[in-house]
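Below, all heavy atoms of this structure are taken into account, side chains as well, without hydrogens, waters or symmetry copies. The chains referred to below are lettered A, B, ... by the order of the sequence lines, with proteins before strands, and numbering in each begins at 1. Note that this is a predicted model, so its numbers are computed, not measured.
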There are 2 protein chains.
Amino acid sequence: MKDGVRGRVGRAGPLNRARIIRAAMRVVERDGVEVLTMRRLADEIGTAPMSLYRHVADKREVLLELLDAVSRQITDRPLPASSDPGSRLVETVVEVHRVLEANRWVVQAVLAVEELPPSALRLSEHMFAAMRVAGLDERTAAAAHTAIWHYTWGHVFFGHLSATSARAYDREEPTGRARYEELAHVMPAMLEQKSQDVFREGLKAMVDGFLAR
Amino acid sequence: MKDGVRGRVGRAGPLNRARIIRAAMRVVERDGVEVLTMRRLADEIGTAPMSLYRHVADKREVLLELLDAVSRQITDRPLPASSDPGSRLVETVVEVHRVLEANRWVVQAVLAVEELPPSALRLSEHMFAAMRVAGLDERTAAAAHTAIWHYTWGHVFFGHLSATSARAYDREEPTGRARYEELAHVMPAMLEQKSQDVFREGLKAMVDGFLAR
DNA sequence: ACCTGAACACCGTTCAAGT
DNA sequence: ACCTGAACACCGTTCAAGT
């Protein structure tokens, strides 16, 4: 009995917040955010569910810490510093998108906590720096920041659903398809799209549009 | 006892799929999608939870029907047909956004079902029609369609979180704020933003960018 | 101080039984 | 044919009790 308890707790020392967050990240990356429950998290650490609550207020706090970790993962590395100011902005955001796309669970997490971690401010800081160099005035920069941010999250949110029109169209009967003339027309082009390229292309269009003000 | 049973079931006749979906919509609009459980839905109708399962396969199917209803709500009315092709596209999408924004719960629903209802194809059809009139070739139209769709969902997804940078910044201590030079600079412009205008502005920038190809 | 078992108020859904 | 109660395998979290 005593050995059993020592065996579980002993290996990594006393429970603490950092250990909980690391375990949570492991679970999320391995099994997805929908599998992350307080009970499952306790299992991962080898402790009782209620032991977690001494170190974190609730599940929401765990998720917010996970989002913080992803945010740092982006800003800890130097962001691209291209010569052309327009493409510097584009490449910065592409990098943000790349990390979010690799951690799509952030979408569910953000929706659950309805908040971004403080460290996300650094991302905005980078974007605004690039926009200032590009010569945007404050008002336009604010609008561009919001638009780019929404566009980026929309891409991650929609993810593989982006091909949804194409697949929904594919599922339609021939008689049903007849009602979608326009879709029939562009369908080949839709099917050729590559996710990563499409993100950059729409971003470029948007940045171009703002730069042309 | 018998009266009790008749009282619940009697009023609206036998249970059927349409009645379930209408009740679900009532619950979602009144209390939010997170309150919509099979048990709560049965309560709303005055039946037993398991009675629902004769008429719908599972909760997922209920959500998909709700999404379908919203999608029809957009396409059933004639969409704006402006003279200028660029602004016709913009106004069409603004209208889509307006309805989605009024039913923000669709975000959670889409995330849960990981699919759009077939009727959403009509939305794409409208967008492609506007883009063809605007003279976009198929390849560019496909890219624009995806980008606009992502942008729109991102706006709804992020919703009131869009002001999140501003609020996160506001929460920072003065010493913390010092680390965000760029943010300090644009903060006044950020706080002046109005959600509906910002959506149209970013959309315009993106459409302009694609038209300028 | 730190941990934990039992319990509460929930879920979606299966299964066997009712009419 | 249509409906339903009991039960199963889950949740997050409170509370009182353990060391």
Side-chain angles (χ1 to χ4, degrees), chain A residues 1-21 23-24 27-28 31-67 105 108-109 111-115, chain B residues 1-21 23-24 27-28 31-67 105 108-109 111-115:
Chain A
M1 264 312 184
K2 261 184 178 158
D3 284 344
V5 173
R6 297 253 298 352
R8 288 195 301 168
V9 178
R11 195 193 305 253
L15 198 51
N16 60 50
R17 196 180 169 96
R19 218 146 72 77
I20 292 172
I21 305 305
V27 172
V28 164
D31 305 319
V33 74
E34 63 280 350
V35 172
L36 183 71
T37 67
M38 296 305 268
R39 286 162 152 96
R40 178 77 188 69
L41 178 52
D43 269 359
E44 175 78 17
I45 301 173
T47 186
M50 286 315 300
S51 304
L52 306 172
Y53 286 86
R54 181 139 323 251
H55 303 95
V56 296
D58 50 21
K59 189 179 172 179
R60 183 192 148 82
E61 210 171 272
V62 175
L63 289 174
L64 210 44
E65 288 279 12
L66 292 183
L67 288 176
W105 55 266
Q108 264 116 298
L111 211 56
V113 306
E114 293 267 26
E115 201 180 329
Chain B
M1 265 307 183
K2 263 188 178 157
D3 284 345
V5 173
R6 296 252 302 351
R8 288 195 301 168
V9 177
R11 197 196 300 259
L15 197 53
N16 61 49
R17 196 180 168 93
R19 217 145 73 76
I20 292 172
I21 305 305
V27 172
V28 163
D31 306 318
V33 74
E34 62 280 351
V35 172
L36 183 71
T37 67
M38 296 305 268
R39 286 163 152 96
R40 177 80 189 66
L41 178 51
D43 269 359
E44 176 77 17
I45 301 175
T47 187
M50 285 316 300
S51 304
L52 306 172
Y53 285 84
R54 181 137 324 246
H55 303 95
V56 295
D58 50 22
K59 187 179 173 180
R60 183 192 147 81
E61 209 171 273
V62 175
L63 289 174
L64 209 45
E65 288 280 10
L66 293 182
L67 289 175
W105 54 267
Q108 265 116 299
L111 211 56
V113 305
E114 293 267 28
E115 200 181 332

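Rounding to the nearest 0.5 Å places CG of Leu64(A) at 13.5 Å from NZ of Lys59(A). Note: Glu61(A) CD to Leu52(A) CG = 12.0 Å, rounded to the nearest 0.5 Å.
Set against dC3(C), dC3(D), dG5(C), the side chain of Ala48(A) has dG5(C) as its closest nucleotide.
Look at CG on Asp43(A): it is 12 Å from P on dT4(C), rounded to the nearest Å. Residue Leu52(B) contributes atom CG, which lies 13 Å from atom P of dG5(D) at whole-angstrom precision.
Residue His55(B) has no polar side-chain atom (N or O) positioned under 4.0 Å from OP1 or OP2 of dC2(D). Residue Thr47(B) places at least one side-chain N or O closer than 4.0 Å to OP1 or OP2 of dT4(D).
Every residue was checked against the side chain to side chain donor-acceptor pair (under 3.5 Å) condition with Arg39(A), not counting sequence neighbours, and none meets it.
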Given Watson-Crick or G-U pairs with both distances under 3.5 Å, what dot-bracket string fits DNA chain C, with | for other-strand pairs and [ ] for crossing? ||.|||||...|||||.||

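Side-chain contact between Trp105(B) and Leu36(B) is absent, with no heavy atoms from C-beta onward closer than 4.5 Å.
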Walk me through it: do Leu15(B) and Arg54(B) pass the test side-chain contact (heavy atoms from CB on, under 4.5 Å)? CA-CA 9 Å; Leu15(B) 197 53; Arg54(B) 181 137 324 246; over 6 Å; no

Please encode protein proximity along nucleotides 8-19 of chain C as a string of B, S and -, counting only heavy-atom distances under 4.0 Å. ---BBBBB----

